[in-house]
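What you see below is based on every heavy atom in this structure, not just the backbone, and it leaves out hydrogens, waters and symmetry mates.
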Amino acid sequence: MCKEAMKNRVYGAIGIKSIMSNWNADFTGRPKMTGNGDIFGSDKAFKYPIKKMWDNEGEKVLYIKSYKIDEKSTKDKKADKEGKEKLQPRELKERYDYIFSPEKVENDTPSKEVLKNLFSAIDVMNFGATFAEEKQNISITGAVQVGQGYNRYDGANIESQDILSPFRNSKKDDANASTLGTKIVVDEAHYFYPFTVNPENYNEYIGIVDGFSGYTQEAYMKFKKGCLIAATAYNTNSKIGCENEFALFIECKEDAKLYLPNLDQYITFSKVDGKGVIDLSGLDFIADFKDKIEKIGIYHNIHTTIVKSNFEANGLKCEVSDIFNNKLI
């Protein structure tokens, strides 16, 4: 994997399919929705499976929940009784100390050292960080920026399922009966997330952090891998029907000054004869910037979707691949 500095911008969009599942729930358990009823997923929902994938692969990931058994005693006996030896999420400082051990952040730790450690975490290298611990006030605007993912399928319906628990709740009035729960899912939704990769966001740290040369090709390739498989790999009860089904990467030429809007708004999704049709014709205006674009990569689930685009017809270099095995179609 190449560790050289990356010097070209990338614009793109990622498609997530959700079948009888709940890709991103609000605090009531319902799929997140705007005030006018549009279903969407937050950037946090998009990033979490990617960070989980990295964590499972042994990468250093700072901003992810991890747990500890609290064995500390306190002066407050009541709090000590309630909290001691209980499973608790780590604080940010505790997570930092855990993954960068034996190094720890203290009051006298130089900011250069903290920055070097932060950039060694793959999630910080991609998504940036806000770190305000132990007299450190560090804010890193990530090279990778991800927008909100809107469902582009008009046929989406929200379904509610009653679930019977095998256990009773002795704290309820009807303590002799098993408890009931509710699982809320969307029967079918197709979320499209916009993203940008701007290596210039890290230029200000070059020369400040020892050995730091900026955003790397290695970090980009790891982000790209997450865009292709992370949602599919992340199988929880509510996410079991969620899969990566589409990805678009528009890679600019080195140092090209090309500034594009969020691309997801130009993508439409429909169903024809049981297959999803992802129409990219709204992106035909990209051909006006062909002199600034190195290549375009499209990945999709060839078994369930058809992608319509005019990139090659408009003189752009475009490669289309199976999202599962990266083989060219």
Considering the options Ile306, Asn244, Val307, which one meets the side-chain contact (heavy atoms from CB on, under 4.5 Å) requirement together with His300?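 Among Ile306, Asn244, Val307, the one that satisfies the side-chain contact (heavy atoms from CB on, under 4.5 Å) with His300 is Val307.
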
I'd like to know if [X] pairs up with [Y] as an ion pair, taking the criterion as any Lys NZ or Arg NE/NH1/NH2 lying under 4.0 Å from an Asp or Glu carboxylate oxygen.
X: Lys112; Y: Asp210; value: yes
X: Glu57; Y: Lys222; value: no
X: Asp97; Y: Arg90; value: no
X: Glu200; Y: Arg9; value: yes

For the residue pair [Y] / [X], report whether a side-chain donor-acceptor contact shorter than 3.5 Å exists.
X: Asn8; Y: Glu294; result: no
X: Lys224; Y: Tyr299; result: yes
X: Tyr96; Y: Gln136; result: no

Just wondering, do Trp54 and Asn126 contact through their side chains at under 4.5 Å, heavy atoms?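 Yes, close enough: below the 4.5 Å cut-off.
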
Are the side chains of Ile296 and Leu248 in touch, meaning some heavy atoms are under 4.5 Å apart?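 The answer is yes; the side chains approach within 4.5 Å.
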
Enclosure of [X] [atom1] (heavy-atom neighbours >12, cutoff 6.0 Å):
X: Lys44; atom1: NZ; answer: no
X: Tyr259; atom1: OH; answer: yes
X: Lys7; atom1: NZ; answer: no
X: Asn36; atom1: CG; answer: yes

Please confirm whether Phe195 and Phe46 have ring centers closer than 6.0 angstrom.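 So the answer is no for these two rings.
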
List the atom of Ser42, the atom of Tyr193, and the distance in Å for their closest heavy-atom pair.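 Looking at all heavy atoms of both residues, the closest pair is O-OH, 2.8 Å.
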
